[in-house]
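Have a look at the structure below before the remarks.
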Amino acid sequence: MSARLNIANVDSAAYKAMLGLEGYLQTISLNHIQKELIKIRASQINKCAFCLDMHTKDALKYGETTQRIFILNGWREAKDFFTEEEQVLLAMTEEITLISDKGLTEETFQKAKQYFDDAKIAQIIMAIVTINAWNRIAVSTHIEVPK
């Protein structure tokens with residue numbers, strides 16, 4: 001599969017706006033591992049090889065274990081490996097990524113409120129929305145995984 005186009009070159013204003021979201025994510029209170037778990041899980045669902053490659057490497061750089069990365073797709077069956085906060089992040093990631101299924105359910109939202117204040121929930125939602133946008137850009141334009 002060859003790359004179709006480079007949005008950064010074709011529509012630099014749109015790409016700059018995406019980079020603005022990415023810059024915002026650098027300021028939020030989620031830690032690096034939490035951000036990478038969100039990015040990896042959304043990228044698994046969206047089947048974005050480029051983002052999976054990037055964010056698994058980043059997660060390892062930040063101290064994530066290979067075992068947790070390997071089992072992330074089956075986190076519900078391996079809950080002992082993920083904190084309750086992380087489980088809420090992962091549930092939110094799945095429900096928002098698969099928004100047409102049922103959206104962010106009330107049950108998951110209420111669980112999130114047990115661990116996070118409204119500001120942090122907003123940050124989590126924006127982190128999920130942003131990686132989903134990047135996934136759609138990468139998959140739609142066939143960004144190649146670097147060798």
Side-chain angles (χ1 to χ4, degrees), residues 1-8 10-11 14-60 62 64-145:
M1 181 167 37
S2 61
R4 290 179 170 163
L5 59 91
N6 182 324
I7 289 182
V10 175
D11 191 346
Y15 196 78
K16 186 176 179 180
M18 282 300 302
L19 290 177
L21 280 172
E22 200 60 42
Y24 157 77
L25 293 179
Q26 300 307 311
T27 71
I28 67 174
S29 61
L30 291 175
N31 67 44
H32 291 299
I33 296 296
Q34 291 170 324
K35 290 177 194 177
E36 296 307 323
L37 289 174
I38 289 168
K39 291 174 182 180
I40 295 166
R41 187 66 194 112
S43 298
Q44 288 173 331
I45 293 167
N46 291 323
K47 299 178 174 107
C48 181
F50 179 84
C51 294
L52 282 166
D53 180 68
M54 176 190 300
H55 297 298
T56 54
K57 289 175 181 173
D58 287 347
L60 291 170
Y62 293 128
E64 184 55 88
T65 67
T66 53
Q67 185 177 26
R68 283 180 17 124
I69 292 172
F70 294 155
I71 62 174
L72 184 56
N73 197 40
W75 68 270
R76 290 179 192 274
E77 287 74 39
K79 288 183 177 182
D80 290 346
F81 289 88
F82 300 93
T83 68
E84 290 184 16
E85 274 188 7
E86 290 170 336
Q87 292 175 41
V88 171
L89 289 174
L90 294 169
M92 290 178 70
T93 301
E94 290 178 357
E95 291 178 8
I96 293 169
T97 298
L98 300 167
I99 198 81
S100 67
D101 284 355
K102 55 187 169 186
L104 180 57
T105 63
E106 189 63 26
E107 177 185 359
T108 300
F109 183 74
Q110 291 305 320
K111 283 183 185 175
K113 289 186 75 72
Q114 293 174 16
Y115 295 98
F116 311 114
D117 63 19
D118 286 349
K120 196 156 188 174
I121 291 172
Q123 293 172 358
I124 294 164
I125 291 170
M126 290 309 298
I128 296 166
V129 166
T130 302
I131 189 56
N132 271 279
W134 284 121
N135 289 164
R136 282 152 175 74
I137 291 167
V139 171
S140 299
T141 62
H142 293 178
I143 295 178
E144 296 177 345
V145 177

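- Atom CZ of residue R136 and atom SG of residue C51 lie 11.0 Å apart, to the nearest 0.5 angstrom.
- Residues I124 and L89 come closest through the heavy atom pair CD1-CD2, 3.4 Å.
- Ring geometry, Y62 versus H32: the interplanar angle falls under 30°, so the pair is classed parallel (tilted spans 30 to 60°).
- Within 6.0 Å of CD on E84 lie no more than 12 heavy atoms contributed by other residues, nucleotides or ligands.
- Interatomic distance, E95 CD to T93 OG1, rounded to the nearest 0.5 Å: 9.5 Å.
- The backbone N or O of I128 lies less than 3.5 Å from a partner atom in the side chain of N132, making a donor-acceptor pair.
- Here the shortest heavy-atom pairing between L30 and A127 reads CD1-CB, 4.4 Å.
- Looking at I137 and Y15, their side chains never come closer than 4.5 Å, going by heavy atoms from C-beta outward.
- Contact check for Q87 versus L90: no side-chain heavy atoms found under the 4.5 Å cut-off.
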* **Steps toward side-chain hydrogen bond (donor to acceptor under 3.5 Å, both in side chains) verdict (W134, E22)** => CA-CA 10 Å; W134 284 121; E22 200 60 42; 2.8 Å; yes

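- Side-chain contact between I28 and K35 is present, with heavy atoms from C-beta onward closer than 4.5 Å.
- Residues I131 and T97 have side chains not in contact (no heavy-atom distance under 4.5 Å, counting atoms from C-beta outward).
- The two residues A59 and I33 have their closest heavy-atom pair at O-CD1, 4.0 Å.
- For the pair T56/L60, no side-chain contact is recorded, criterion being any heavy-atom separation below 4.5 Å from C-beta on.
- Salt-bridge annotation for R41 and E94: present, with a side-chain N of the basic residue lying under 4.0 Å from a carboxylate O of the acidic one.
- The shortest heavy-atom contact between M18 and A133 is CE-CB, 3.6 Å.
- Nearest heavy atom pair, residue E144 against residue F50, reads O-CD1, 3.2 Å.
- Considering CD1 of I38 and CD of E86, their distance stands at 10.0 Å, rounded to 0.5 Å.
- The shortest side-chain heavy-atom distance between N135 and K39 does not fall under the 4.5 Å cut-off.
- Using a 4.5 Å heavy-atom cutoff, the side chains of V88 and F116 are in contact.
- S140 approaches R4 most closely through the heavy-atom pair O-NH1, 2.9 Å.
- To the nearest 0.5 Å, atoms CD1 (I40) and CH2 (W75) are separated by 15.0 Å.
- Side-chain atoms of I69 and E64, non-hydrogen and from C-beta on, do get closer than 4.5 Å to each other.
- Under a cut-off of 6.0 angstrom, the local environment of NZ in K111 is sparse, with at most 12 non-hydrogen atoms contributed by other residues, nucleotides or ligands.
- Under the 3.5 Å distance criterion, the side-chain polar atoms of E36 are left unmatched by any main-chain donor or acceptor of D58.
- In summary, the side chains of Q114 and Q110 do not present any donor paired with an acceptor at a separation below 3.5 Å, with no hydrogens or angles considered.
- Going from atom CD1 of I125 over to atom NZ of K120 covers 13.5 Å, rounded to the nearest 0.5 Å.
- Atoms CZ and OG1, from F81 and T65 in turn, are 8.0 Å apart once rounded to the nearest 0.5 Å.
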